[in-house]
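Read the structure below first, then the notes.
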Amino acid sequence: MIEEQICEINKRGQKLESLQKTVSYVLFSGVMLVLLQAFFCLVLVGKVTNTVSNNSHFMYYSQMYFTFCSMLLTVFLLAYYVVKIYIGVERRRLNLGRFIQDNLILLPFVFMLIWALISTYKSPYFEKSLYGAGYINEGYFTVLQYAVVFLSVYAIRDEIKWSKEAILWSFIVLAGIICIVFTGIEITNYKIPTSLKSGVFNNSNHYGYFLAMSSTATFGALVYSKRKWQMLLALLLLPFNVFQLLACNTLGANIAYICGIAFLICSGLITKKLDWKMLLVACALSGIVNLVLEVSGRTNMWSSYVELFKDVKRIISPSSGGEGGGDTGSAGTGRFGLWKRTIAVIRQVPWFGKGLDLYHNNNIYDTTLDVSHNEYITMASNIGIPGFVMYFGTVIWWFVRAVRARKILTVCDLTLLATAFAYLISAIFGNSFTYTYPYLMIFFAISMQKPQFRQEKYKKLQESNSVENLLKI
């Protein structure tokens with residue numbers, strides 16, 4: 001009798017586990033659809049009129065694709081948690097206290113979403129802040145789409161063992177194909193419509209931020225990979241990534257790539273996983289491509305750095321030339337003036353901001369102000385300083401968890417962390433949002449480590465489905 005009961009319990013447990021795993025795979029497939037968004041830059045599609053908000057404006061088909069993906073992910077995510085809760089009730093394992101402990105890092109994130117909603121409600125143009133009002137289309141609904149992507153990846157990061165490696169290499173291959181195609185266009189001087197080359201990225205800045213991530217990911221894969229096919233693939237794709245990164249002349253993305261490399265080196269030294277030989281190979285490849293492009297005059301990176309250093313000098317010593325660069329200061333690419341004027345707006349509305357996506361004629365605080373080209377300042381001006389503090393707090397917490405988990409980080413973890421870090425650096429010089437921001441959400445969530453106390457007890461929790469525990473049900 002007891003053996004039959006045990007057998008029945010085991011069968012039911014296997015069915016529940018199979019159901020949970022199936023839903024996890026479905027959710028993972030939705031995440032992969034978001035990952036494929038960048039392929040829209042290779043599709044001959046242009047713009048469509050957005051008639052949702054007042055004063056209709058255009059949006060790209062890639063933005064519609066992202067909206068479609070986020071809608072699917074919302075359904076998959078709800079299904080995942082319905083199954084998760086059902087299994088918890090069935091096995092009598094629901095523990096609210098443990099759940100909160102495991103997911104405390106999400107609390108600032110949730111607070112930020114609530115604060116952004118309040119900011120949207122208090123916006124002078126509520127409808128535009130809700131739906132988005134410009135080419136970025138960064139309304140509150142878009143923010144919710146980012147949240148769905150983040151939570152979906154966060155949910156499956158430990159459900160599917162190979163999810164991290166699959167996401168990393170899918171991104172590397174995806175970016176590699178794009179870079180090879182665009183390099184071929186560059187070499188053959190093939191005439192293509194503007195909408196093809198901008199596509200999902202809209203302009204060279206957004207493309208640069210994407211390339212900062214892909215170049216860092218490919219560089220890390222070359223340095224850390226142990227399998228020959230991975231090393232060879234990274235070796236092939238890295239020059240194309242670096243060529244495109246430098247050729248698009250985006251200073252912020254170039255700085256982000258350098259910082260990503262520095263992150264990889266430091267984390268590799270701390271974890272004792274750094275392969276010096278492959279590091280030298282990766283640095284040599286990047287240096288050769290950089291030298292060729294600089295000598296040929298294809299890029300003006302050096303002059304941009306010179307201008308940046310001049311601006312920094314003006315900030316440190318205003319008497320040497322202007323007051324912090326003035327409104328025409330460049331930060332290498334014309335940023336300082338926009339930053340100063342956006343900070344002035346933040347001072348006027350420090351608590352709840354001016355509302356999402358309100359720039360140009362929509363911004364009643366400065367009708368001539370362009371997007372600030374700094375994601376952090378933009379966020380503070382959009383949803384107020386408290387909302388930004390919660391966002392930045394989540395980023396710091398993410399980094400602290402990684403440091404605490406340094407002894408168990410895999411080479412895939414190190415590469416994903418560096419890739420997310422590269423984007424965070426590029427965000428100082430620009431704001432890409434819909435075009436490349438979903439990639440940050442994916443890498444940010446997939447590289448998020450478990451709480452320290454959970455790492456130590458993880459094996460015991462995995463064994464909690466023992467026969468003795470099942471008999472108590």
Would you confirm whether [X], through its side chain, and [Y], through its main-chain N or O, come within 3.5 Å as a donor-acceptor pair?
{"X": "Ser296", "Y": "Leu293", "result": "yes"}
{"X": "Asp413", "Y": "Thr410", "result": "yes"}
{"X": "Tyr423", "Y": "Phe444", "result": "no"}
{"X": "Asn241", "Y": "Leu237", "result": "yes"}
{"X": "Ser123", "Y": "Ser119", "result": "no"}
{"X": "Asn374", "Y": "Ile428", "result": "yes"}
{"X": "Ser381", "Y": "Thr378", "result": "yes"}
{"X": "Asp357", "Y": "Glu138", "result": "yes"}
{"X": "Trp115", "Y": "Ile385", "result": "no"}
{"X": "Ser225", "Y": "Arg227", "result": "no"}

Looking at every heavy atom in both [X] and [Y], which two are closest together, and how far apart are they?
{"X": "Leu279", "Y": "Ile265", "answer": "CD1-CG1, 3.9 Å"}
{"X": "Leu245", "Y": "Ala212", "answer": "CD1-N, 4.0 Å"}
{"X": "Phe421", "Y": "Cys259", "answer": "CE2-O, 3.7 Å"}
{"X": "Met112", "Y": "Gly387", "answer": "CG-O, 3.4 Å"}
{"X": "Ile346", "Y": "Ala380", "answer": "CD1-CB, 3.7 Å"}

Heavy-atom count check: over 12 atoms from other residues, nucleotides or ligands less than 6.0 Å from [X] [atom1]?
{"X": "Met71", "atom1": "CE", "result": "no"}
{"X": "Trp229", "atom1": "CH2", "result": "yes"}
{"X": "Phe111", "atom1": "CZ", "result": "yes"}

Is the closest side-chain heavy-atom distance between Met441 and Val153 below 4.5 Å?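 A side-chain contact under 4.5 Å is absent here.
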
Calculate, to the nearest 0.5 Å, the distance between atoms [atom1] and [atom2] belonging to [X] and [Y] respectively.
{"X": "Asn290", "Y": "Asn254", "atom1": "CG", "atom2": "CG", "result": "7.0 Å"}
{"X": "Leu414", "Y": "Leu264", "atom1": "CG", "atom2": "CG", "result": "7.5 Å"}
{"X": "Thr271", "Y": "Ile408", "atom1": "OG1", "atom2": "CD1", "result": "12.0 Å"}

Between [X] and [Y], do the side chains contain an N or O donor and an N or O acceptor separated by less than 3.5 Å?
{"X": "Ser447", "Y": "Trp398", "result": "yes"}
{"X": "Tyr80", "Y": "Glu159", "result": "yes"}
{"X": "Tyr140", "Y": "Gln145", "result": "no"}

Below 30° counts as parallel, above 60° as perpendicular, anything between as tilted: where do the rings of Tyr439 and Phe171 land?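 Rings of Tyr439 and Phe171: tilted, 30 to 60°.
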
Tell me, with the steps shown, if Leu33 and Ser29 meet side chain to side chain contact (heavy atoms under 4.5 Å, CB included). CA-CA 6 Å; Leu33 283 176; Ser29 67; 6.0 Å; no

Here's a test for you: under ring-ring contact (aromatic ring centres under 6.0 Å, His included), which of Phe243, Phe240, Tyr207 qualifies with Phe182?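 By the ring-ring contact (aromatic ring centres under 6.0 Å, His included) criterion, Phe182 pairs with just one of Phe243, Phe240, Tyr207: Tyr207.
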
Quick one: is the NZ or CZ of Arg157 closer than 6.0 Å to the six-membered ring centre of Tyr154, and within 45° of its axis?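 Judged by the rule (NZ or CZ under 6.0 Å from the ring centre, within 45° of its axis), Arg157 counts as positioned above Tyr154.
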
Can you confirm whether or not the ring centre of Trp162 sits under 6.0 Å from the ring centre of Phe28?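 Ring centroids of Trp162 and Phe28 are less than 6.0 Å from each other.
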
Any Lys/Arg nitrogen of Asp158 or Lys450 sitting under 4.0 Å from an Asp/Glu carboxylate oxygen of the other?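 Result for this pair is yes, salt bridge flagged.
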
